[in-house]
Structure formats: structure tokens, C-alpha cells
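So the structure is just underneath, and the comments pick up after that.
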Amino acid sequence: MNTDQPLHWLLGRLDISALPILPAIRNPTPSEFVAAGAALAVIVGAFAALAFLTWFRLWTPLWRDWLTSTDHKRIGIMYVVLAIVMMARGVIEAGVMRTQQAFGLGGGFLTPEHFSELFTTHGTIMIFFVAMPLIAGIVNYIMPLQIGARDMSFPVMNQISLGLTATGAALVMISLVLAQFSNGTWAAYPPYTGLDFNPGTGPDYWIWTIVFSGIGSTLSGINFAVTIYKERAPGMTLFRMPVFCWTVLCTAIIMIFALPPLTVAALMLGADRYLDFHFFTNDLGGNMMNFVNLFWLFGHPEVYLLVIPAYGVLSETVATFSGKRIYGYTSMVYATMAIAVLSFCVWLHHFFTMGQSANVNIVFGVASMMIAVPTGVKVYNWMATMFRGRIRMTVPMIYAIGFFYLFVIGGLTGVILANPTITYQVHNTLFLVAHFHNVIIPGVVFGLLSGYHYWFPKAFGFRLHEGWGRLIALCWIFGFSLAFLPLYALGFMGMPRRTANFTDPAYLPLLYVALFGAAILLVAVVSILIQLWVSVRRREELAVPLGDPWNGRTLEWATPSPPPPYNFAILPQVRCIDDFADAKATGRAYAEPGADAYEDIEMPDNTPIGVFLCIGTTVLGLALVFYIWWLAIASFVAMTLVFIVRSFRVSSSHVIPAAEIAAAHRHWLDQVRAAAPVTRLEETHSANRGLAVLERPEMTGAAQ
Amino acid sequence: MNDQDHSAELRSYLVGFAAALALTLAAFALVLWGGLSRGTTIATIGAFALVQMIVHLRFFLHIDLSRQKREDLQLILFSVLLLAIMAVGTIWIMGNLATRM
Amino acid sequence: MKNRQGPGRFLFGLAATLFIALAGCSDNRSSFLDPAGPIAAAQKAHLLEVIGWTMIAIVPVFVLVPLMLWRYRYRNAKARYAPDWAFSGLLDTVMWGVPFLIVAVLATLLWYSTHALDPYKPIASDEPPLEVRVVGLDWKWLFIYPDLGIATVNELAIPENTSVALDLTSDTVMQSFLIPALAGQIYTMPGMRTRLHLLADEPGRFEGMNAQFTGTGFTKQKFATLAMSRGDFDAWVARVRAEGTPLDAATYARLAAASTGAEAKAALKAGAGPQDVIYFSSVTPDLFAEIMHRYMQGTPVPPKLQPGAVGYESDAEETR
Amino acid sequence: MKHPILHPGLNLGPHHGQTHASAEKAVFGFWVFLMSDLIIFGLMFATYATMSNPVGLAGGPGPKEAFDLTSVFIQTMILLVSSLTFGFASLALRHEAGRGRIALWLVVTLLLGLAFLGFELRDFAHMVEIGAVPSRSGYLSAFWGLVPLHGAHVAAGCVWILVMLAQMATLGLVSVVKTRLLRLGLFWHFLDLVWIGIFTIVYLSGLAS
Ligand code: HEA
Ligand code: HEA
Ligand code: CUA
Ligand SMILES: [Cu+2]
């Protein structure tokens, strides 16, 4: 770039023109103002956060209790917080895009360049830094509790995974302030993202964002899988695990095996850009089709990585709020596994139109359709779970209903897309955009929101405000329908995706509807924060410290809310599926253990390694983006050295004495004994302190 | 420490080494002096490589069929299955595209 | 517009009326739901078939969910409550079996239609096909008629009821060629040739486009497909020959620079035709092959010589 | 070995007490990691295969010009012997033959690893000399993406051996050191496994006439 600059060796290609404020001053258009405003927002937000922490003297607790913690529950919460911060940006970008398209007849207020950055970052952020961290967070929090474990198998690695995910997020955020992120779509197909066509910093930002967070997710996957294999409580055989844990196992498998193709593809693109390799270039025998192939080798399993845990959450909530065991447990498990394995067999359906022969397309098309079978089984199983249940229309259940209607439509359009002949037409149109939002929002987002409502009281000891929750859920359902169903029609009308502006006025009415829907979605998102605020204010009234507000069925409800750092005072002895429900029915629950049942518990110490690696890799990423070679080498060497030096420390755990555990546990049991259990009618009232009345058919007088 | 165990295990390493050595030598020899057609040569050395990988897994990495815990073998077989889907799929797709462009 | 009353179509009614009313009647047709050729018509028919079959599995969900919610609501003490009932072999067989059968049917349809509509497969017709070579440029389409010796930018004229055989490539990044009312899309890639066959069975004006995002001018990369009678087509060819300018290497180099059709038209000072359309009266023979082979010679194509790249110089070719 | 097997790969055996048990999840986790790494290598192999054709070669040097079978043979032998010597180290660990024995075999393995890297680098230097560099063609890019990736793994393995030697010296044969040695063993044997793929697919197939 600027090799003649005197400080070239020091600053690489980083110079003053990298700041987005300048173009806005030089060329004051709305588009530039949006960019400058975003940069300012990041800076102001960062300073506000720093000020907040300093003002309330929160640095020490933040460091001691959170950043250096190896407790899976705290790491889980940090993942969710990270996701929510990133969500703010993703949502705003989505809103801006919808607005631009509604005004896009013949121009609009954004430049095409800016629009392309928006959908690229929106796609990247939503997938990698909203959906994935949310899932990692909920899994981290819930899965060890559900299998009766004390922690993850590798608590330190767990923290490192979080750190690497945060690195990716940090790079995306920094790109708002320093130079630009990619405009090459979230799939970043070369040669468009190659050096010849895109010499700027954008694709490099994309590469390092993806590589670091991808490695973090791979490590998470390993951690989840090993935890499920090795940390289950006595008696918890694989086929007694809650369905959610099965879905976590399947998702972990996808993380372990599907992220490597992405890492490979991104690093090859990096080799092309940095080292003059020719993997994907136009000339000298490069083959860009292989990038497309490798990307979707990751990309398809990735979307199932997102949705499978959501299926797991729904399996828990539908069963709990129908007051029944999940129908067809074994069927459910096999269906999930089938989806996970099939997800590796269909990637070509994202490029049916690349020119391969009909036979190739047929094989992958049929494989794609096959996924409808196990997915259908899951949907039917949930319906059968409601059959002869006693269904409460609580917030998680409303999301489940939204799921049944809307996700099934999205799945149907997926099956339509699995037909190469039809995809020839609707590929790359808004029909496709509608499809994937239609599976992601009613599938993944509704599932996760359902889980958020369901498990929030477990994590924080109080319920979320129910009234706001219902309002939000309805906003999501109707907002989604208005925002995305019109896009199917626009796709049929031939409107391509990634269109910043257009000349056909026929698109307008539907785009207005979509804008209106997006506005409702925005209300929903903001209301989530309001609801959180309201609930925190009223936490006394909503408190459920005894731990079981929903008459839960699985082990996580057999602990106080929030659970102690060691989760279980005494590791549970599991006898069957839905062990806690069985324990309550047979009177095993809340039993006072003998005095000698308590043992000392060894817990891992805090460590700053995750934070350190997060900072190190962020610096490394920036150095690479801006060609600051000395800094890249320095940060890499520093990280390696710290890693090695640290490995010479042997002991890194502390012991919680049995007496302390016994005291805490007895205190909780006393509270339970003193409390008045509530029926499900009072579930959402302040009488609910987290202890449930046993409601068996023989007791309630219902027909059996 | 158990001397009997020790020598049995030592022997197992040596057996593995000898088998691996033989297979490697055979593969190199075939390419250097085999005189078979290119296709046959590649197929044969491919087969040798597969067998040698199994030898390594068995004698160096201690994966075999007779154990109580099955996670290891399952894990490896599953990984190999997925890898086969990905690699064979890639080669098939790219090969097919190459013939049509 | 054609009559779209018919059995089985009502399923699609709601959505279809909405956008056919909006889009179908404009004079620039851009939807395969308003097809103008056998390929697009078959694609539409296949879409409706797929929707029809899947309804067997979908409708029960829509109907049964509300029934169940009502019947088994918490307050309804009359409904049966069976908290431990969790399996029925018969039900399970139905749950796996029915979707499986539907998928089997759909897979059969898919097999036939994918073979029948393979874009590489020529369309049977009595007359010999019209051959057109298509080059995707940033941000416009170049159409070369090798047998007629003419070329155009952003205007593809074809005689009706004649099959058209397109050979496509790109002289920049990867693009995707699509004329919704006539046929599905196919990628175009530098150094490679893909194929597409189509046929218009009625005259009309059909929008074509690049559907794969390629940068700032991407949304301007649209073109008109004009299907016309033989006579009109011959007149059109004559007009291009008469009004166009020659397309030689130097002109091509300038045309290939990143620009929209209208910008290129201004840069080349081309007069004839609509505002983003350029006519060329003659074409260097083998231009298409040259474009493709440039990438296959085992020599680097530096940005200077690479259309669409940052740093492309349209006169570099001559000074080389 | 009639003792209960807790995890894939070499088990320490019950006479190692608590360490044996605690190695279970660490070693299993490392296996899972290796399988993830296997996918990376596998895809590099697949990419190499799809680029080994005239289009990918783009008129640049091919296997016949670029590779030296003798050197490859030597590298293969070195790596194979190093697997055996690492095996001896593992046996010494398992049967508590003392730190000295373990260290001895580790050092031998380390030297073999370095020798391997030396020969490999010499080959690479030769390829650079004749212009067989990654910027020459897609095929060569695929080669330089795959084989040096393995080499980098071997280099990392060598660093790891050094660290383990240092830890054995300073910390002694404590529990974590033992489980790390187990994992290092898996890593080393795994690299030899990948090398089988490399010499077969890249070198021998490339040179088969
Ligand atoms: C969570 C995310 C998610 C999920 C769950 C799905 C689910 C499915 N998707 Fe989707 N998809 C995406 C996210 C997702 N997708 C994304 C992000 C893209 C585009 C990326 C991009 O290009 O940027 C995409 C693109 C995409 C394409 C490529 C289109 C193109 O680029 O041209 C295809 C093609 O086959 C497809 C198919 C399917 C299928 C068959 C399913 C199936 O799993 C659906 C199964 C579900 C059902 C069918 C409903 C329930 C079933 C029943 C009620 C009973 C039985 C039904 C029958 C027998 C029919 N998807
Ligand atoms: C997880 C994935 C995800 C999600 C949630 C969304 C959400 C939304 N997206 Fe998304 N979008 C993508 C993934 C996603 N998108 C991708 C991959 C692309 C393609 C990029 C490309 O072309 O390369 C894309 C492209 C895309 C476009 C460009 C279309 C085009 O090509 O022309 C537009 C246009 O308006 C758009 C709009 C929206 C809107 C209005 C929402 C709204 O729904 C936003 C509203 C709210 C939320 C997203 C909140 C989410 C909430 C949760 C997740 C739960 C919260 C949980 C707790 C609090 C615990 N999206
Ligand atoms: Cu790219 Cu064919
Ligand atoms: Cu997919």
C-alpha cells in the first residue's frame, strides 16, 4: 500500500486514512454518516463500559469472579452477554438494510458499497457471534447440570474457547473503527475476495475473525463431547440423558468435524492473499470452485449446529410444560443423530447451479430431502408429547407454538430448495433469504428464547416477568411473519439477494410490509432488555431460590437456584430418564443425605490464560490485517512462551471442605421443607418459590 | 513392574515396526522397479498404505478390537466415515466439474 | 397472460395472486411463475407438485397443534392425562413412514426433473439452435453471436420457438446468469465454460440478471431478453450490423473495465440502442475462446491485465 | 495387557494409581482433537488430489521435476524409526523404568525428528531453486499447503519433546507430566500416520510412471 511511508515497518498499512470519521467529513453523505456514527457508537460504547466499571468499582469483581473464572456456569453467562452485545449490532444492521431496501427504488440512502458491508457483517456476526455464542452459553450452563457433573472436562480450555470467540467478535467490532470489514458476503467467495479484486483490509479481517473464533468453537466442541462421555453422574447412561444433552453431543460432533473445513478454506484464502499462493485465483491453475465446496462443507453442518440444540431446548420445554415425559425418546435420539450425520452429506445443495452433472445434483438433492424425515419425526414427537398432557401456555410454550407453525414453513421451503430444478430459479434470490431466516428465527431464535425463559430462573434465582414475555413472544411471531414471509414472494418476482437498490416499483409494497415487520422485531428485541430490567427490579417477587419453578423433570432442577459452584453437594445417583421427575413422584427428591455422604470437592482455580490469549490473538489478528509483521511475530511468540511457562505450574485447584458443603446443602433442604409447594396454576405467580406440588393423574382426579 | 508384560509389549512394538517397514519398502520398491501400469501401481500402494495405517493404529496407537471400552474405535471409525464423505465428495464433485468446463 | 386456472393450483392461490398481480403484468417479465418457455414452465410445475405432496405431511401439523392445545389445556380436567405414556409402535411407524414415503415420491420427481432440465442438455426443436456466447463482465453482460458475427451488451435478442444454446464464461469474478421467465441460473467463472439452454415460446421482453453479488455495480447488471418473431429478429440483426461499431481487442479491453452498461456505453461513445445497451457490428473471431484461454496459459494474469481487478488498465494489453 | 483400558492409546496401567484414572479424559480429549486435525489433513489431501491435473499444474514443474525419491525414502525411514523409539519411551514410562530411560528415548526421538526436518527443508530448498514455489501454480500451492503443514506439526512435536524433557527435569514424573507424555506419544504416532498418506499420495503416486 504505502511502502514509501517512513514508519512502514512499524505500522504496516495502518495509517490515518483507516479511520472512518475522515471520509464523513470530506464527503458528508448519509451513507458516510451512518458509517461514522457506527464507529462513534463503538468508541462511545466502549468508553461508557469502562466508565461504568470504574465508577461502580467493578473491575476487581469483574476480573476475579468472571474473566478469570473457570466455572462453566459463569463462562456460559459470559458467552450469552457477548452474544447480546454483538446482537445489538447485528440487529441494527438488519434494520438499516430493511430500511434501505424499502427506499431502494432507484437509489436509497446507502451506497452499494456500504450496503454490501452491512450484509457481510450482519451475516458473519449473526452466525458466528450471536447464534454460536448463545448456543455455547446455554450449553455451557445447562449441560453439565443435566448430566450431573461438577464442571466441564477441561475448564481452562473452556475459558480459552470463550477467549477466542471474543477475539473474533473484537476484530469485527474494531473493523468499525479501523479500516473496513469485508464486503464479500458471509461466504466470502473468491476470486471476489482475492487480492486482485479486493486488496483492502476487508477479507483479511474476515479471515482472521473466522480462523480464531473457529478454533475456539472446535475446542468447545471437544470439551462438550468429552464432558458428555466422561463426566456423567453415576447411573446416567447415555440413554438416560435428557434429549437436550443428546442434541449437545450431536452439535459437538458438528463443531469438531465441520469447523476444520472452514479453517482450511479461510487459511487457504489467506495463503492466496498473503503468500501469493494459487488455491483459488483465476490464473495459474487456481480453482475457486474448491473454496465454494470447502465453505459449504462447513456451512451446511453449521446451520444444523445452530438448530439442533434448539430442537433440544424445545424437547425440554414441550415436555415440561405438557407435564409429560417426552414421547418417543429413542426415536428422538436417533432422529437427532440422523440429522447430524446427514448434515455432512448435503453440502452441494448450496451450489446446485455451478454446472456439475445432473447425477451429482440428484445425489445431493435427495440427501437433502432425507433430512425432512428425521426432522418431521421430531415435530410429530413433540406433538405426541402434548397429546394427553396438561399444557400450560407459558412463554416457552408460546415460542414452541410459533416454532410449530413457522419453522415448518421454513422447512418446507428448504425441501423446495432441495430440488435442483427449482433452485436453478430461486437460488440467490430473496426466496433463499426468506428460507434461511425462516428456519433460523422461528427455529434457532425461538428455541433459544424458549430456553432463555425456561432456564433464566435457574441461573439467576428469579423468573423473568411473564407478561412482558408473552408480549415479546407475540411480537416475535407476528414481526417475523411480516418481515420475512413477503420475501418469498419477492424472490418469486425475481429480486436477487444482496440488492441495495432496484428499478422495479412492483417490489415496493412487499418491502414496506417487510420493513414494518422488522420494526416489530426491533420492538421485540428492545423489549427483551426492558423485560430484563423489569424482572431485575422485581426480583424479590419473582424469586425462586428453591430451584424448581416449572415442575422440571431433569437434574438441573434438583439444585438450588442459582446452583453452588460445585453444582451438586452430592453427585446424584440416576435411575431413569427424567430422573428428577421420578424422584419427586417416588419421594426420593430432597432427601437428607447421611452426614458422611459429603466429601471434599476439588475445584479448578481461576486463571487469566483465556483473557491473555484473547488479547494476544486480537493483537495478532490486527497485526496480520495491517501487515505489521514484527507485531505478529512478537504476539505469536509471546503467546507460545506464556503457554509453555504456564505448563510448568502443577497444581491449580483448591478444595472446598465437606463441612461447608454440608452446611449449605442442609440450609437449602431446610428452606425446601419450610416452603409451601405450588400447583401449576400458580406457576407464574409470586407464590412460586421454586417448589412444585406433585400433580399425578391419580391425585388430580383427571381422567386417566 | 511386570517383566512378562514388558517384554510382550516390547515384542508388539517390534512386530509393528517390522510390518510397517516391510509395507513401506514394498511400496517404494513397487514404484521404483515395479513396472506395473500407473493405475495398478497407485491402487497397490494405496492398499499398502491402508494396511500400514492399520498396523500403526494397532501396534503404535494401541487401538484394537478386543477391549471393554469402545469409544476409541467408534470415534476413529466415525471420523474416518466423515472424512471419507468429505474427501471423496470433494474429489468427485471437483472431478465432475472439471469434465464439464 | 395465460390462463392459470387448473386443478391443484389453488394451494398456491394466496401468494400467487398477490405477486402475479404485482409482477406478472408488467412488460418486463421477471418471474418463473409467469413462464415464457418450456424450461421455466416445467420448473414452475415442479414447484407446485412439490408443494402439493409436502402438504400431506405439513397440514396435519397445522391442524392438530391447535386442537391439541385446546383439548389438553391445563384447566381442562376432563381430558385424559397420561404423563408416563411415551411410546406407541404404531404411531412411530407412521411418523417415520409417512415422511419417508413422501420423500421417496419427491425423490423420484426430483430424479426425472433434474435429468430433464439439466441446463447442459440441448432442447429438442426442429430448427437448429441459435448459439450465443455469453461473457460476464463487471457489471454487464456481453453476448456474442458467433454465427452472425455480431455482439451486444445487455441485450439478448432471440427468435421465438427456437432453442438457444448459451456458452458462458466470466472475465472477472464468479457471476450467476439468470433469466427467470425462460430458464434457471448457471454460474459463470473465469477460464471455464458453463452451458445453458433455453427457448422462448412467445414473444416478449424478459428480464435477465446476474444473481451473484459482485460489488458496487452488481444491481445494475441487468439485461433485456427480447424474444421476437423470425422476421423481427432478422431486422434486429440487420440493425445491430448497421448501427453498431466493431468489437476489436482494444474496444474489448475498454469494455471489460469495471463499469455498468450505461457507463461503458458512454466511455465507448456508442450511439445506437437503449441507454445501457451497446451494439457491435463485428467481433474478433474467437474472442470467447481467447478470453477463456487467457487464464489457462500457465502465465500469471496480473491485476493490470485482469478485467474487474483493482488496478486494471484497459490499454495494458496493447502495450504489453 | 489384561488391565482395564480406560482410554484409547497406551494406558499407564493401574499400578500408576490415581494418575491412570485421571488420564482418561485428557487422553480421550486429545484423541478427539486429533480426529479434528485429521479432517484438516484429509481436506488438504483432497485439495491436492483435485489440483493434480494439467489445469492445476498450469505448465509449472510437476512431481517428476520437483521430488527426490531418495530423500523421501530417508525421511520415511527416519519417521518410522522415531515411532519405534517413541514407543520405547512410552514403555519406559508405563513400566516405570525411571526418568533417565524415558529421557534417553525422548532425546533419540527428538534427534530423529530434527533429522527429518533437516531433510525436508533440504528438499524444500531444492524445490525453491528450480522454481517449484507455491506462487507458480495451483498444484504447487496445494503441495506447499499440505507437506509443510505436516512439517510444522513435526516441528511443534519437537518443541513439545523439549518442553517435556524440561518438565521431567524440574517437576519430576508427576501426574500431569505422565498424561502429557501419553498425549505427546499419540501426537507423534499420529504424525507418522499422516506421513504414510503423504509419501503414498504425494510422492509415490506422483512419481509412479
Ligand atoms: C438453522 C438453519 C437452517 C435449517 C434448519 C435449514 C434447514 C433446511 N434447509 Fe436450509 N439454509 C440455511 C439454514 C438452514 N436450513 C441457510 C443459512 C442457507 C443459506 C446460506 C446462504 O446462502 O447464505 C440455507 C440454504 C439452503 C439451501 C440452498 C439454497 C440455495 O442456495 O440455492 C437448501 C437447498 O437444498 C436448503 C435446504 C434445507 C433443507 C432441506 C432443510 C431441512 O432441514 C428442513 C427440514 C424441516 C422440515 C421439512 C419441516 C418439518 C417436517 C415435517 C413437518 C414433516 C415432514 C416433511 C416432509 C416429508 C416434506 N437450505
Ligand atoms: C443467526 C442468523 C441470523 C439472524 C438471527 C438474522 C436476523 C435478521 N436478519 Fe439476517 N442474515 C443472516 C443471518 C441472520 N439474520 C445471514 C447469514 C445473511 C446473509 C448474509 C450475506 O448475504 O452474506 C443475512 C442477510 C440478511 C439481509 C440481507 C438480505 C439480502 O441479501 O438482500 C437482511 C435484509 O434485511 C437481513 C435481515 C434480518 C432481520 C430483519 C433480522 C431480524 O430478525 C433481527 C431481529 C433480531 C434478532 C436477530 C435477535 C436475535 C435474538 C436472539 C438470537 C435471542 C436472544 C436471546 C437471549 C436474549 C438469551 N438479513
Ligand atoms: Cu469454476 Cu467451473
Ligand atoms: Cu444447507
Side-chain angles (χ1 to χ4, degrees), chain A residues 152-154 157 214-215 217-219 221-227 229-231 252-253 255-265 267-268 270-272 275-291 293-294 297-298 344 640-641 643-645 647-652, chain D residues 6-7 24-44 46-47 49-60 133-146 148-149 156 159-160 162-164 166-167 169-172 174-177 180:
Chain A
M152 289 289 188
S153 281
F154 308 113
M157 191 167 92
I215 294 172
S217 302
T218 311
L219 297 180
I222 295 174
N223 218 339
F224 296 162
V226 177
T227 305
Y229 263 102
K230 301 289 179 191
E231 308 286 339
I253 287 172
M255 287 179 164
I256 295 162
F257 293 105
L259 281 155
L262 178 69
T263 311
V264 167
L267 285 177
M268 284 178 171
D272 276 9
L275 303 169
D276 198 18
F277 277 51
H278 287 273
F279 283 115
F280 312 126
T281 55
N282 286 354
D283 56 349
L284 291 175
N287 183 354
M288 72 232 30
M289 295 179 291
N290 195 27
F291 181 92
N293 173 66
L294 290 172
L297 212 40
F298 145 80
F344 285 95
T640 316
L641 284 182
F643 216 78
I644 291 176
V645 169
S647 72
F648 279 80
R649 279 188 34 209
V650 188
S651 163
S652 53
Chain D
L6 285 179
H7 53 75
E24 176 174 356
K25 61 187 180 188
V27 174
F28 184 68
F30 197 71
W31 262 105
V32 180
F33 164 76
L34 288 181
M35 291 300 104
S36 189
D37 212 21
L38 178 72
I39 303 289
I40 294 198
F41 276 113
L43 291 171
M44 294 307 293
T47 301
T50 63
M51 290 198 144
S52 307
N53 55 37
V55 176
L57 278 159
V133 289
S135 53
R136 180 60 191 84
S137 72
Y139 165 76
L140 286 165
S141 297
F143 172 88
W144 285 89
L146 169 60
L149 180 69
V159 174
W160 193 352
L162 276 173
V163 171
M164 290 322 296
Q167 292 192 346
T170 56
L171 305 176
V174 294
S175 180
V176 282
V177 172
R180 280 178 193 154

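These figures come from a predicted structure and were not determined experimentally.
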- Item | chain A contact via D:T47 - side chain, backbone, both or neither, heavy atoms under 4.5 Å | both
- Measuring heavy-atom distances to chain D, does A:L259 have an atom under 4.5 Å in its side chain, in its backbone, in both, or in neither? neither
- Item | Closest-packed option against chain A by number of heavy-atom pairs under 4.5 Å, given D:A26, D:S36, D:G60, D:S175 | D:S36
- Message: Test ring pair (Phe, Tyr, Trp, His ring centres under 6.0 Å) on D:W160 and A:F643; report intermediate values, then the result.
- Response: CA-CA 11 Å; D:W160 193 352; A:F643 216 78; over 10 Å; no
- Steps toward side chain to side chain contact (heavy atoms under 4.5 Å, CB included) verdict (A:H278, D:L140): CA-CA 8 Å; A:H278 287 273; D:L140 286 165; over 6 Å; no
- Item | Under 4.5 Å from a heavy atom of chain A, the part of D:R180 involved | side chain
- Note on the structure: Counting heavy-atom pairs under 4.5 Å with chain D, the top scorer among A:L275, A:L267, A:V264 is A:V264
- Item | Residue part contacting chain D, namely of A:M255, when any heavy atom lies under 4.5 Å | neither
- Message: Could you report the tightest heavy-atom contact between A:I222 and D:G29, atom names first, then the distance?
- Response: CG2-O, 3.7 Å
- Query: Are side-chain heavy atoms of A:F648 and D:Q167 found at a separation under 4.5 Å?
  - Reply: yes
- Message: Which atoms of A:T281 are under 4.5 Å from chain D, going by heavy atoms: the side chain, the backbone, both sets, or neither?
- Response: neither
- Part of A:T218 lying under 4.5 Å from any heavy atom of chain D: side chain
- Message: Any non-hydrogen side-chain atom of A:M152 less than 4.5 Å from a side-chain atom of A:E231?
- Response: no
- Item | chain A contact via D:I40 - side chain, backbone, both or neither, heavy atoms under 4.5 Å | both
- Task: Between chain A and each of D:S135, D:A166, D:S137, count heavy-atom pairs under 4.5 Å; write down the option with the most.
- Result: D:S135
- Query: Measuring heavy-atom distances to chain D, does A:F154 have an atom under 4.5 Å in its side chain, in its backbone, in both, or in neither?
  - Reply: side chain
- Side chain, backbone, both or neither of D:A46 within contact of chain A (heavy atoms, under 4.5 Å): neither
- Message: So, taking the atom named OG1 in D:T50 and the one named CG in A:N293, what distance separates them when rounded to the nearest 0.5 Å?
- Response: 8.0 Å
- Task: Measure A:L297 against the heavy atoms of chain D and call it side chain, backbone, both or neither at under 4.5 Å.
- Result: side chain
- Sort D:V32 into side chain, backbone, both or neither according to what part of it lies under 4.5 angstrom from a heavy atom of chain A. both
- Task: Give the C-alpha distance, both sets of side-chain angles, the deciding distance and a yes or no for side chain to side chain contact (heavy atoms under 4.5 Å, CB included) between A:T227 and D:K25.
- Result: CA-CA 8 Å; A:T227 305; D:K25 61 187 180 188; over 6 Å; no
- Note on the structure: Given D:V163, D:L149, D:V174, the one with more heavy-atom pairs under 4.5 angstrom with chain A than any other is D:V163
- Query: With a distance cut-off below 6.0 Å to the six-membered ring centre and an angular limit of 45° from the axis, does A:K230 pair with D:F28 as a cation-pi contact?
  - Reply: yes
- Query: Is there side-chain contact between A:N287 and A:F280, with at least one heavy-atom pair below 4.5 Å?
  - Reply: no
- Query: So which part of D:V159 gets closer than 4.5 Å to some heavy atom of chain A, the side chain, the backbone, both or neither?
  - Reply: side chain
- Within a strict 4.5 Å, meaning less than it, do heavy atoms of the A:D276 and D:P134 side chains meet? no
